[in-house]
There are 2 protein chains.
Amino acid sequence: MKKRVSLKDIADVVGVSTSLVSYVLNNKGKENRVSEETAKRIREVARELNYQPNQIARSLKSQRSQSIGLIVADISNPFFSNMARTIEDEAHSRNYTVIFGSSDENSTKLKKVLDFLTTRQVDGFIIAPTEGCEETVRELMKNKTPFVLIDRYFESLSANYVIIDNFQASRDAVSHLLEKGYTRVGLVSYRSELIHFRNRVRGYEEALKNAGITPDAKYVKEVSYDTFETEMKKAVRELIFEDKAEAIFFCTNTLAIEGLKQIFGLGRKVPEEIDVVAFDQSIAYDFFEYFIPHISQPIKEIGQEAVRVLLEQINGENEGDARICLKAKLKSHPAPADELKTA
Amino acid sequence: MKKRVSLKDIADVVGVSTSLVSYVLNNKGKENRVSEETAKRIREVARELNYQPNQIARSLKSQRSQSIGLIVADISNPFFSNMARTIEDEAHSRNYTVIFGSSDENSTKLKKVLDFLTTRQVDGFIIAPTEGCEETVRELMKNKTPFVLIDRYFESLSANYVIIDNFQASRDAVSHLLEKGYTRVGLVSYRSELIHFRNRVRGYEEALKNAGITPDAKYVKEVSYDTFETEMKKAVRELIFEDKAEAIFFCTNTLAIEGLKQIFGLGRKVPEEIDVVAFDQSIAYDFFEYFIPHISQPIKEIGQEAVRVLLEQINGENEGDARICLKAKLKSHPAPADELKTA
DNA sequence: TTCAAAAGCTTAAACGTTTAAGCAACTGGG
DNA sequence: CCCAGTTGCTTAAACGTTTAAGCTTTTGAA
C-alpha cells in the first residue's frame with residue numbers, strides 16, 4: 001500500500017504547520033483567522049497531492065468511528081440481505097460505514113460477533129436479536145452503547161426497536177384463509193420464544209377465534225432452526241394426513257419455501273388440496289400457477305427507520321425510547337411488473 | 001457510550017507503566033523481561049475491568065485496520081449475499097472485519113464507494129468490478145492497494161482475480177440443451193463488455209459449432225441492467241414468436257428468473273414448448289415441476305479463495321499474481337434435500 | 001571485591017488528527 | 001507614539017496503542 005498523504009505532507013509543501021492545514025480543510029479557516037491567500041494555497045496543494053483524510057486518526061481523536069455494526073441471523077437470507085442493502089444506502093448517505101456479522105440465530109455467536117465489532121469501535125449497532133440474548137442486550141444498555149433492535153424485541157427490556165405489527169399481520173393473513181371457508185387451518189413456526197414468533201401465533205389464534213373456531217394445539221407445529229428441513233417433512237405430513245388440515249400458515253419465508261417443497265413432494269395441489277399463506281415475500285412465489293398470498297414487510301422503511309433511530313441515539317438527540325411498529329400488508333395478488341425488482 | 005477502559009486504566013490500578021501492560025497483554029512479557037508476578041497481576045486486573053483493546057488506536061500505530069472492503073454489484077442479489085456470507089466467515093476467522101458497499105453495476109458509484117472505504121483505511125478490497133472501471137482498478141494497482149477481483153476481470157489488466165471458467169460452463173450448459181436435439185437455441189445476456197458475459201456468449205457459440213450449428217446473431221439477445229424487465233419481455237417474445245427458438249440459455253440468475261416469468265406469462269410450457277438452461281442457482285428452481293438445469297457456481301470456494309489471496313497480498317506474501325479460475329458444474333437434477341439449504 | 005550481565009521496570013516517540021492556547025507582528029484610535 | 005486589539009500563524013497536548021531505548025537494581029562469576 002502506497003504511503004498515504006497526510007496533513008504533514010501538505011504542511012511541508014506549503015510551508016505552514018499542520019494545524020493550519022487542518023483548519024482550512026475542515027472549513028474552519030475563517031474562524032481561526034487563516035488568510036485567504038494561505039487557505040487557497042493549502043487547498044490547491046491538497047488537491048494536487050490527492051489528500052484523503054485518515055479516518056482512523058480522526059476516529060481516535062474524536063472517539064467516533066463513523067461506522068455501525070449490523071448483526072443479523074444470516075446475511076444470505078434474502079430478508080436480511082435486502083435489509084442490509086437499504087441500511088447500507090442510508091448509512092453511506094449519512095457518512096457512516098456498515099460492518100456486518102451473522103449470528104446464525106445463536107446467542108453465543110451473537111455475543112462473539114458483538115464483542116468483535118465492539119473492539120473495532122463501531123459507534124452503534126443494528127441488531128436482529130436471537131433467542132436467549134437478553135443478557136447481552138441488557139449489557140449493551142448498561143454500557144450505554146447505542147443500538148436498535150430490528151425484526152424482534154424483548155418485552156422485558158426497554159430497548160429501542162423497529163419492528164412490524166406481527167399480531168395484526170398474522171391475523172390478517174389467517175383471516176384471509178378463513179374467509180374462504182376453511183375450518184382446519186395449520187401453522188408452522190420455529191420453536192422459539194422470540195416475541196415476533198409468539199405474536200404470529202397469537203395473531204393466528206385471534207383470527208380463528210374471530211371466525212368462531214377454537215384453536216387446537218395439534219394444528220400448531222413448531223420446528224427448530226437448525227434441523228427444520230426434516231422436522232418440516234414430519235409437520236407437513238401430520239397436518240395433511242392426520243389432522244386433515246385444509247390450509248397452512250407458514251410463519252417465515254424459509255419455512256414457507258421448505259413447506260411448499262414438502263407439499264409438492266407429496267403431490268398435493270395448492271390451493272385445491274391444501275391452501276397456503278406465508279409470512280415474508282420470496283422470489284419463488286412469482287412462479288406458482290397459484291399466487292401464494294403472503295405478508296409483505298416494509299423492509300426499506302424498517303432499515304431506514306433503524307438507521308435514523310440509531311444515529312439519533314449516537315448523536316445524543318434521542319433520550320427517550322424509540323419503539324417503532326410498522327404495518328405489514330397482506331399481498332394476495334401478483335405485483336405489477338415494475339414492483340418485482342425489489343421483491 | 002460508556003468510557004472504555006484503556007491500557008492506562010489498568011496501569012494505574014496495578015501501579016506500572018502502560019508499556020508493561022501492553023507487553024503482557026500482547027504476550028510479549030517474556031521477551032521484555034516482565035516478572036511473572038507482575039504479569040499475573042496485570043492479566044487479573046485486565047479481566048476484572050473487562051479490558052477490550054482499542055482497535056482504532058492499534059490501527060493508527062500499525063497502519064493496519066484489520067478490515068477489508070467488499071464491493072459487489074448489489075448485496076441483495078442472492079449470488080452476492082451468499083458470497084458475502086462466506087467472505088464474512090472467512091475474514092472473521094482470520095480476525096478481519098468486512099465493510100461492504102454496492103456498486104449497482106455503475107463505475108461511477110464503484111469509484112465513489114471505493115474512495116469512501118479507502119478513507120476508512122481498509123487494508124484491501126474484494127471487488128466485483130463493473131463495466132468501464134478499468135481506470136479505477138488501474139489506479140488501485142498504481143497505489144499498490146491490495147485487492148482481488150471476483151466474478152469478473154479484465155484481460156487488459158494483470159490484476160489478481162478469482163473467477164470461474166465461464167466459457168466451459170456455458171458450453172456445457174448449452175451442449176446439454178443441444179443433446180436433446182434442438183437446433184434453434186437462443187441466449188439472453190446483459191448488454192455488457194464484461195469478460196464473463198463475453199465468455200458466456202463464446203461458450204454458447206462454441207457449443208453450437210461443436211454440434212454443427214452455425215451461430216446466428218438473431219438468437220443472441222442483450223438487455224441492459226437497468227431496464228432488463230421490459231427488454232426481457234421483448235427478447236422472449238422475439239425468440240419465441242419470430243425466431244421460433246426451441247430453447248433459451250439465460251446468462252444469470254436474475255435474467256433466468258425474469259425470463260421464466262415472461263415465458264409463463266405467455267402461457268408457454270417448460271420444457272415441452274420452450275426449454276431452458278440457466279446460469280447460477282436460484283431458490284425458485286426447486287419449485288418448477290420441471291427442474292431447471294443450471295450452472296452451479298462454487299460460491300463458497302470463490303469467497304474463501306478471494307479472502308486467502310487478499311490476505312496474502314496484504315501480508316506481502318504474494319508478490320506474483322494469483323489468477324484463480326474455478327470450475328462450475330451443470331446441475332441437471334434436483335439436489336438431495338440436505339444440500340438445498342445452501343442453494 | 002568488582003563489575004558485566006541480567007532482570008525489571010520507565011520514558012519517550014510515533015501513528016495522523018483536532019483544537020485550545022500562545023506568540024509575534026501589525027494596525028489604528030487616543 | 002502608545003498600547004489594545006486584530007491578524008496570522010505556531011506550539012503543544014490529546015486520543016490509545018506499540019516498541020525502541022534507557023535507567024536502576026540485583027545477581028553471580030572471576
Side-chain angles (χ1 to χ4, degrees), chain A residues 1-43 45-46 49-66 95 118-123, chain B residues 1-43 45-46 49-66 95 118-123:
Chain A
M1 186 89 84
K2 200 177 73 173
K3 203 195 157 305
R4 307 272 318 279
V5 355
S6 71
L7 286 185
K8 179 132 204 332
D9 297 324
I10 301 176
D12 288 349
V13 172
V14 180
V16 294
S17 67
T18 58
S19 323
L20 266 206
V21 181
S22 173
Y23 286 135
V24 170
L25 298 184
N26 288 301
N27 293 319
K28 296 184 181 169
K30 283 268 144 52
E31 57 231 78
N32 287 283
R33 303 174 315 214
V34 181
S35 73
E36 191 39 55
E37 202 181 352
T38 314
K40 207 174 142 194
R41 182 94 185 89
I42 287 173
R43 278 189 287 263
V45 174
L49 299 185
N50 187 29
Y51 170 74
Q52 304 275 59
N54 182 326
Q55 180 64 38
I56 296 275
R58 225 175 226 182
S59 295
L60 182 59
K61 178 71 185 163
S62 67
Q63 305 292 77
R64 295 288 204 83
S65 65
Q66 294 287 124
N95 202 31
T118 300
T119 293
R120 309 316 236 259
Q121 320 298 120
V122 300
D123 293 337
Chain B
M1 186 89 83
K2 202 176 71 173
K3 202 194 157 306
R4 307 275 316 280
V5 357
S6 72
L7 285 185
K8 181 134 201 333
D9 297 324
I10 301 178
D12 287 350
V13 172
V14 180
V16 293
S17 68
T18 58
S19 321
L20 267 207
V21 181
S22 173
Y23 286 137
V24 170
L25 298 182
N26 286 302
N27 294 318
K28 295 186 180 168
K30 283 271 143 49
E31 44 229 87
N32 288 283
R33 304 175 314 216
V34 181
S35 73
E36 191 39 55
E37 202 181 350
T38 314
K40 208 174 140 193
R41 181 96 186 87
I42 288 173
R43 277 189 287 261
V45 174
L49 299 184
N50 187 28
Y51 171 74
Q52 304 275 60
N54 182 325
Q55 180 64 38
I56 296 274
R58 224 175 226 182
S59 295
L60 183 58
K61 180 68 185 165
S62 67
Q63 304 292 76
R64 295 287 204 84
S65 64
Q66 294 288 123
N95 201 32
T118 299
T119 294
R120 309 316 234 257
Q121 318 300 119
V122 301
D123 294 337

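For clarity, every value in this text was computed on a predicted model and none was experimentally measured. Chain A is the first sequence line, chain B the second, and so forth, proteins listed ahead of strands; every chain is numbered from 1.
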Touch check for B:T38, heavy atoms < 4.0 angstrom, all strands: base, sugar-phosphate only, or nothing? sugar-phosphate
Looking only at N and O atoms, is any donor in the side chain of A:S6 or the base of C:dT17 less than 3.5 Å from an acceptor on the other one? no
Side chain to side chain contact (heavy atoms under 4.5 Å, CB included) test vs B:I42 passes for just one of B:L25, B:V13, B:L7, namely B:L25
So, B:R120 side chain and B:S65 main chain: donor-acceptor pair closer than 3.5 Å or not? no
Picking from D:dT10, D:dT17, D:dG16, the nucleotide nearest the side-chain atoms of B:L7 would be D:dT17
If I compare all heavy atoms of A:A39 with all of A:V24, which pair ends up nearest, and what's the gap? O-CG1, 3.7 Å
Closest non-hydrogen atom pair between A:P53 and B:Q121, with its separation: O-OE1, 4.0 Å
Contact under 4.0 Å: A:S17 side-chain N or O vs D:dT10 OP1/OP2: yes
With respect to the phosphate group of C:dT19, does any side-chain polar atom (N or O) of A:K28 fall under 4.0 Å of OP1 or OP2? yes
CD1 of B:I56 versus P of C:dT17: gap in Å, rounded? 14 Å
If you assign each of B:T18 and B:L60 to its closest nucleotide in DNA chain C, which residue comes earlier from the 5' end? B:T18
Sugar-phosphate only, base, or nothing, as touched by A:S22 at under 4.0 Å among non-hydrogen atoms: base
Pick the nucleotide of DNA chain D nearest each of B:N32 and A:Q63; which residue has the one closer to the 5' end? A:Q63
Taking only N and O in the side chain of B:Y51, is any of them less than 4.0 Å away from OP1 or OP2 of D:dG16? no
With hydrogens left out and only the distance checked, is there a donor-acceptor pair under 3.5 Å joining A:S19's side chain and the base of C:dT19? yes
How many whole angstroms separate atom NZ of A:K8 from atom P of D:dA12? 15 Å
All heavy atoms of A:D9 vs all of A:R4, minimum pair found to be OD2-O, 3.8 Å
Heavy atoms only: give me the nearest B:Y51-B:V5 pair and the separation to one decimal. CD1-O, 3.3 Å
Between A:S35 and D:dT7, does any side-chain N or O lie under 4.0 Å from OP1 or OP2? no
Looking at five pairs on each end of the helix from C:dT1-D:dA30 to C:dG30-D:dC1, what is the angle between the two axes, given to 10 degrees? 70°
Tell me: NZ of B:K30 to C1' of C:dG8, nearest whole Å? 14 Å
Any side-chain N or O of A:R33 under 4.0 Å from OP1/OP2 of D:dC9? no
Short question: side chain of A:S62, backbone of A:R58 - any donor-acceptor pair under 3.5 Å? yes
Out of D:dG16, D:dT11, C:dG16, which nucleotide sits closest to the side chain of B:K61? D:dG16
Output yes when at least one side-chain N/O atom of B:S62 is less than 4.0 Å from OP1 or OP2 of C:dC15, else no. no
Whether over 12 other heavy atoms sit under 6.0 Å from B:E37 CD: no
N/O (side chain, A:Y23) to phosphate O (OP1/OP2, C:dA20) under 4.0 Å: no
Let me know the distance between CZ of B:R41 and P of C:dG8, rounded to the nearest Å. 18 Å
In whole angstroms, the gap separating P of D:dC15 from CG of B:D9 amounts to 11 Å
